[in-house]
Amino acid sequence: MRRFEVYDTLSRETRLFVPIVPPKVGLFVCGLTPYDNAHIGHGKVAVTFDVVARALRRWGYRVFYVQNVTNIDDRLIARGGESGTDPLVLADRHISAWFAEMDRLGVRSVNYYPYATDYVPEILAQIRTLIERGLAYEARGSVYYDIAKFPRYGALSGQKLEALRPGARVAPEPGKRAPGDFVLWKAATPGEPTWEAPWGPGRPGWHIEDTAITVRLFGPRYDLHGAGLDLKFPHHEAEIAQAEGTTGESPLVNFWMHVGLLTMKGEKMSKSVGNVVGLSDAVDRFGPGVVRFYYLNAHYRSPLDFVAGRSLEEATEAYNSLDSAAGRLRSARSSAPPEGSGDVLEASLETAANDTVEHLDEALSHDFNTREAIALLFGWSKQLTEGVAGPERLSGESLDTLLAPFDWAAEVLGLFGATDSSDGGGSLGEVVQIALDARARARERGDFAEADRIRTELAASGIRIEDHGTTTRWRLVGSGG
RNA sequence: GCUGAGGUGGCAGAAUGGUUAAUGCGUCGGACUGCAGAUCCGAUUCCUGGGGGUUCGAUUCCCUCCCUCAGCUCCA
């Protein structure tokens, strides 16, 4: 197991990561609220923790990665009401879309997606315990957490209860002892999905599902909790209060990781501001590789400012240059000379390849510095152009060595893998080759109008042509990029 | 107001108590090309918010001020 450090929001310092029960790592990410389509801010969190899980697995940790699905909550009910759809049906629809999007983006590291509604017994048990311990109280069929009874409430976000502005954004509810008390169980409202409970029919509050799930799956304490920065308060404070109040053990989580928000012209991207860019739109236009690259090209904790018409376009340029460097090697590898023949690599390059891989692991072991890793990949790409004149003459073994840094990127970042590049091969390749042959003949006879027409049409289909002397290469690019 | 995160070249964005502060994008020049793009070579040597302090040395540590963003019970 490789040693690495992570910034922990609670202690506000970067610390060496030590699992509670090595080599196991419990990773919980809260997030999926399927009341609407995902936007590119959601994608940032998903890709960030995908890379975290990939890196940890590479380093020998056994990660159990859980992401919950809040398939019942206020917004779902509101949206369902607007369109006359059952909230649970609406949730299912968005969940399917989310899974499809994650698959396209290469986010396949989540082991288990528990649904809130599948954990109602655990939720009820937790609420019952909190009431028994005097930490929660009933009022008008609802149950609230009495935050005055939990002194650590506010520690994660550094909030002092007295300093909070109660009711600043939400009207105080009748029945609460204090405005800051949060709801654990919401009394039924006509027309809403409800579950039976000792306090009367109702449904779970927003925060309780997470701890019901994690206490059940991980026990009273676990290793890593991730989410967007905007969930730090009050949601994560509530989680701590619920879980630690129930189990009596502390801390609930050893390392809290909070992802910097995606902003647009300096403002947070959110539905309420109305400045959202759909995740699937971005992936459609630029391709999954570019979108992943865009996220990982900055440190996960920094805010990332999205500029329409520029951010993903810039990412495309940078992404393409690395992707074609990797693609060139991969296509040479697929047609490498038979085993035991071909040129052998210079020893210095072999050393450099190994060093690069080591440095890549090192970069990620410093609080997942993916930007540093990408800089190293550019450095490696530069070394390749300087040191490798003709990759197609190299032995397969040598090519494998040269590919090692890109293989690392495919494994950990989910970028520049074999499936990312479309150089040659396959039935698409045959069709494209026919078009390229026709263009070559047109150029030979000086019919450049025809040659350019073919080039333009291929480009419209997302196929970019690159002339290198007498040979022509092609690659797939995002149709809009 | 309170809490937290930040202010780095034209732009995006790293790092570090110490030689010329990564990397990418963009721009300019050159090579190649029928042209364009891509690629390659070179340039973009006067960039760390203001002011103090600690230090032989600060962008990094401390103080202070200014500014930006986020959170203060919908939020990834």
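Treat the numbers as computed from the prediction; the structure is a model and nothing was measured. Because only heavy atoms are used, hydrogens play no part in the values below, and waters and symmetry mates are left out as well, while side chains stay in. Here is how names work: the chains are called A, B, and so on, in the same order as the sequence lines, proteins then strands, and each is numbered from 1.
Only the C1' atoms considered, A22(B) is 10 Å distant from G13(B), to the nearest whole Å. Nucleotides G50(B) and G10(B), compared at atom P, are 14 Å apart to the nearest Å. Nucleotides U8(B) and G37(B) have their P atoms positioned 32 Å apart, rounded to a whole Å. If you take atom P in C56(B) and the same atom in A43(B), they sit 38 Å apart, rounded to whole Å. Across G26(B) and U3(B), the matching C1' atoms stand 39 Å from one another, rounded to whole Å. Nucleotides A58(B) and G52(B) have their C1' atoms positioned 13 Å apart, rounded to a whole Å. Taking atom C1' in both C62(B) and C69(B), one finds a spacing of 25 Å when rounded to whole Å. Across the P atoms, G24(B) and C41(B) are found 11 Å apart, a figure rounded to whole Å.
Atom CG of residue D74(A) and atom NZ of residue K186(A) lie 3.5 Å apart, to the nearest 0.5 angstrom. In this structure, the separation between OG on S311(A) and CG on L262(A) is 8.0 Å, given to the nearest 0.5 Å. A distance of 11.5 Å separates NE2 in H299(A) from CD in E372(A), rounded to the nearest 0.5 Å.
Helical stems in RNA chain B, defined as runs of 3 or more consecutive Watson-Crick or G-U wobble pairs with both donor-acceptor distances under 3.5 Å, are listed by first residue as B:1-7 with B:66-72, B:10-12 with B:23-25, B:26-31 with B:39-44, B:49-53 with B:61-65.
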Before you tell me yes or no, could you show the steps for F99(A) and Y113(A) under ring-ring contact (aromatic ring centres under 6.0 Å, His included), namely the whole-Å CA-CA distance, both residues' side-chain angles and the distance that decides it to 0.1 Å?
CA-CA 10 Å; F99(A) 288 157; Y113(A) 288 98; 4.6 Å; yes
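Put simply, CD on E386(A) is 10 Å from P on C40(B), counting in whole angstrom units. Atom pair L32(A):CG and A76(B):P shows a separation of 9 Å (rounding to whole Å applied). Nucleotide A76(B) holds its C1' atom 10 Å from the NE2 atom of H258(A), rounded to whole Å. Per the geometry, CZ belonging to F448(A) stands 8 Å off C1' belonging to C35(B), to the nearest Å. When the P atom of G34(B) is taken as reference, atom CD1 of I465(A) falls 15 Å away, rounded to whole Å. A22(B) atom P lies 18 Å from atom CD1 of I374(A), rounded to whole Å. Rounded to a whole Å, the OH atom of Y153(A) is 20 Å from the P atom of C2(B). In this structure, the CG atom of L231(A) is 17 Å from the C1' atom of U3(B), given to the nearest Å.
Relative to the side chain of F233(A), the nucleotides U73(B), G4(B), A38(B) differ in distance, and U73(B) lies closest. Relative to the side chain of E317(A), the nucleotides A76(B), U23(B), C25(B) differ in distance, and C25(B) lies closest. Closest approach to the K382(A) side chain among G42(B), A22(B), U33(B) is made by G42(B) (side chain taken as heavy atoms from C-beta onward).
Counting non-hydrogen atoms under 4.0 angstrom, R12(A) reaches the backbone sugars and phosphates but no base. T9(A) comes within 4.0 angstrom of nothing in the nucleic acid, heavy atoms only. L261(A) comes within contact range of at least one nucleobase, with a heavy-atom separation under 4.0 Å.
Residue whose closest nucleotide on RNA chain B sits further toward the 5' end, between R75(A) and A375(A): A375(A). Comparing D230(A) and Y7(A), the nucleotide of RNA chain B nearest to each residue sits closer to the 5' end for Y7(A).
Checked against side-chain hydrogen bond (donor to acceptor under 3.5 Å, both in side chains), D437(A) has the following partners two or more places apart in sequence or in another chain: Q433(A).
D452(A) contributes no side-chain N or O that forms a donor-acceptor pair with the base of G37(B) under 3.5 Å. Between the side chain of R301(A) and the base of A5(B) there is no donor-acceptor pair of N/O atoms closer than 3.5 Å.
At least one cation-pi condition fails for R79(A) and Y35(A): the charged atom is not both under 6.0 angstrom from the six-membered ring centre and inside a 45 degree cone around its axis.
No option in F255(A), F49(A), W256(A) other than W256(A) meets the ring pair (Phe, Tyr, Trp, His ring centres under 6.0 Å) test with H225(A).
The aromatic rings of F182(A) and Y153(A) lie parallel to each other, their planes meeting at an angle below 30°, with 60° marking the opposite boundary. Ring geometry for W98(A) versus H42(A): interplanar angle over 60°, hence perpendicular rather than tilted (30 to 60°). Aromatic ring orientation, F416(A) versus F406(A): perpendicular (interplanar angle above 60°, classes split at 30° and 60°).
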Could you list, one pair per line, each protein nitrogen or oxygen that sits under 3.5 Å from a nitrogen or oxygen of nucleotides 10-17 of chain B, together with the distance?
unit_1: C11(B); atom_1: O2'; unit_2: R310(A); atom_2: NH2; d: 3.4
unit_1: A14(B); atom_1: OP1; unit_2: H299(A); atom_2: N; d: 2.8
unit_1: A14(B); atom_1: OP1; unit_2: S302(A); atom_2: OG; d: 2.8
unit_1: A14(B); atom_1: O3'; unit_2: N369(A); atom_2: ND2; d: 3.2
unit_1: A14(B); atom_1: O2'; unit_2: E372(A); atom_2: OE1; d: 3.0
unit_1: A15(B); atom_1: OP1; unit_2: N369(A); atom_2: ND2; d: 3.1

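Side-chain atoms of D181(A) and Y137(A) include a donor-acceptor pair closer than 3.5 Å.
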